Q: 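Before anything else, here's the structure in question.
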Protein chains: 2
Amino acid sequence: MAPEKRNAFVKQARLLKALAHESRLLIVDRLSRGECSVGDLRELVGMDLSTVSKHLALLRAHGIVADRRQGTTVYYRLITPCVSNFFTCANQVLKERSR
Amino acid sequence: MAPEKRNAFVKQARLLKALAHESRLLIVDRLSRGECSVGDLRELVGMDLSTVSKHLALLRAHGIVADRRQGTTVYYRLITPCVSNFFTCANQVLKERSR
DNA sequence: CGAATACATGGCAGATTGGCCAAAAAGGAA
DNA sequence: TTCCTTTTTGGCCAATCTGCCATGTATTCG
C-alpha cells in the first residue's frame, strides 16, 4: 500500500483513539452545545478535576477543542464541530449491529 | 445524567475503541470492498498472522465482522457496512482541523 | 503583599493494549 | 493414520492509558 494512503489510516486511528473514551465523548457532546468551563465539565464527567483537565489537554492536542481564559476560569469549545457526526455514525452502527 | 443516556456513551466509546487502531481500520476498509481471508489481511496489514487474527477476533467480538470457514481458510466480512461512514466522518474532521 | 479560586502538571500505581513466538486446533490430502 | 496448510489461542513483555493525589501556575481580591 502507498505510504501516503497508509498514513491516512494512521491519522484516522489517532483521531478515533482521541475520542474513544466515555469521558471525552461526554465532553465533546456537551461542547457541541456550546462552550463550557472546566469546572462544569468536571461536574458532568464526575471525576477528579485533574483527570478532566488531562482529557481536555488530550482533546486540545488533537485539535478537537480550544480554550479561552477569562479570569481564573478556562472555557473550552469545539473547534471541529463536525466531530459530532461521530455520534450519528456510531449510533447507526450500534443500531445495525443490534439487528 | 440519566443512566441509560450515560450508557449510550459507554457503548459508543467501546465501538470507537474497537476501531481506533491502524491495523483494524485497514482491515475494515479492505472488508468494505468484499470478504477476505485472514492470510490476505495479514499481507495487507504486514504483521504476524497471530496479531491479525487477534485484531479480527476483537472486531468480531464487537459485532463488526463475521467469519466463514471454507476448508482450512477462514473468510471475514463486514456485518455492519455502515461502519465505513466513520472514514468519511474522520476525514471531514481531519480536513476541518487542518484549516 | 498574602489568600483564595480555578486549572494544569508531575508522579505514581494498576489496568489494558499490542506485538511476537510457540503450541494447539481444524480441515484436507496422501 | 500422518502430514501439510491455515487459523486460533496462550504466554509473555514492553508500552500506553487512566485514575488519584500532591504540587505548581495564573488570576483576582483584599
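Just so we're clear, the structure is a prediction, and the values are computed from it rather than from any experiment.
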Q: Quick one: B:L58 CG to C:dT17 P, roughly how many Å, whole number?
A: 8 Å
Q: Would a distance-only check, ignoring hydrogens and angles, find a side-chain to backbone donor-acceptor pair under 3.5 Å from B:H62 to B:I64?
A: no
Q: Does B:S53 make a side-chain N or O approach to OP1 or OP2 of D:dT8 shorter than 4.0 Å?
A: yes
Q: Please check the phosphate of D:dT6 (OP1 and OP2 only) for any side-chain N or O of B:R42 closer than 4.0 Å.
A: no
Q: Measure CG/A:D67 against P/D:dT25 and give the value in whole Å, please.
A: 18 Å
Q: CG of B:L49 versus P of C:dG19: gap in Å, rounded?
A: 13 Å
Q: Looking just at side-chain N and O atoms, do B:R68 and B:Y76 make a donor-acceptor pair shorter than 3.5 Å?
A: no
Q: The side chain of A:D48 is closest to which nucleotide in this list: C:dC7, C:dC20, D:dC20?
A: D:dC20
Q: Could you give the CD-to-P distance, from A:E43 to C:dA6, as a whole number of Å?
A: 12 Å
Q: Ignoring the backbone of A:V74, work out which of C:dC21, D:dT28, C:dA8 is nearest its side chain.
A: C:dA8
Q: Provide, to the nearest angstrom, the distance between the CG atom belonging to A:L59 and the P atom belonging to D:dC17.
A: 13 Å
Q: Is the closest side-chain donor-acceptor distance between B:R14 and B:Q12 under 3.5 Å?
A: no
Q: Check every strand shown and say whether A:T73 touches a base, only sugar-phosphate, or nothing at a heavy-atom separation below 4.0 Å.
A: sugar-phosphate
Q: Taking only the side-chain nitrogens and oxygens of B:T51, find out if one of them lies under 4.0 Å from OP1 or OP2 of C:dC20.
A: yes
Q: Rounded to the nearest Å, what distance is computed from the CD atom of residue B:Q70 to the P atom of nucleotide D:dT7?
A: 11 Å
Q: Where each residue is assigned the nucleotide of DNA chain D containing its nearest heavy atom, which of A:R69 and B:R69 is assigned the position nearer the 5′ end?
A: B:R69
Q: What's the closest nucleotide to the A:K17 side chain, out of D:dC17, C:dG19, D:dC21?
A: D:dC17
Q: Counting only side-chain heavy atoms from C-beta out, which of C:dA6, C:dG19, D:dC20 sits nearest to A:S50?
A: D:dC20
Q: Select one nucleotide: of C:dC21, C:dC7, D:dG19, the one nearest the side-chain heavy atoms of A:H21.
A: D:dG19
Q: Are A:L58 and B:L94 in one and the same hydrophobic cluster, where Ile, Leu, Val, Met, Phe, Trp and Tyr link if side-chain heavy atoms are under 4.5 Å apart?
A: no
Q: Does the side chain of A:H55 get closer than 4.0 angstrom to OP1 or OP2 of D:dC17 through an N or O atom?
A: no
Q: Considering only NZ, NE, NH1 and NH2 on the basic side and carboxylate oxygens on the acidic side, decide whether B:R6 and A:E22 come within less than 4.0 Å.
A: yes
Q: Would you call the rings of B:F87 and A:F9 parallel, tilted or perpendicular if under 30° counts as parallel and over 60° as perpendicular?
A: perpendicular
Q: Take the protein atom CG of A:L41 and the nucleotide atom P of C:dC7, then report the distance between them rounded to whole Å.
A: 9 Å
Q: Examine D:dT6: is either OP1 or OP2 under 4.0 Å from a nitrogen or oxygen in the side chain of B:Y76? Give yes or no.
A: no
Q: Of the listed nucleotides (D:dG19, D:dT8, C:dA8), which one gets closest to any side-chain atom of B:V38?
A: D:dT8
Q: What is the separation between atom CG on B:L16 and atom C1' on C:dT16, rounded to the nearest whole Å?
A: 17 Å
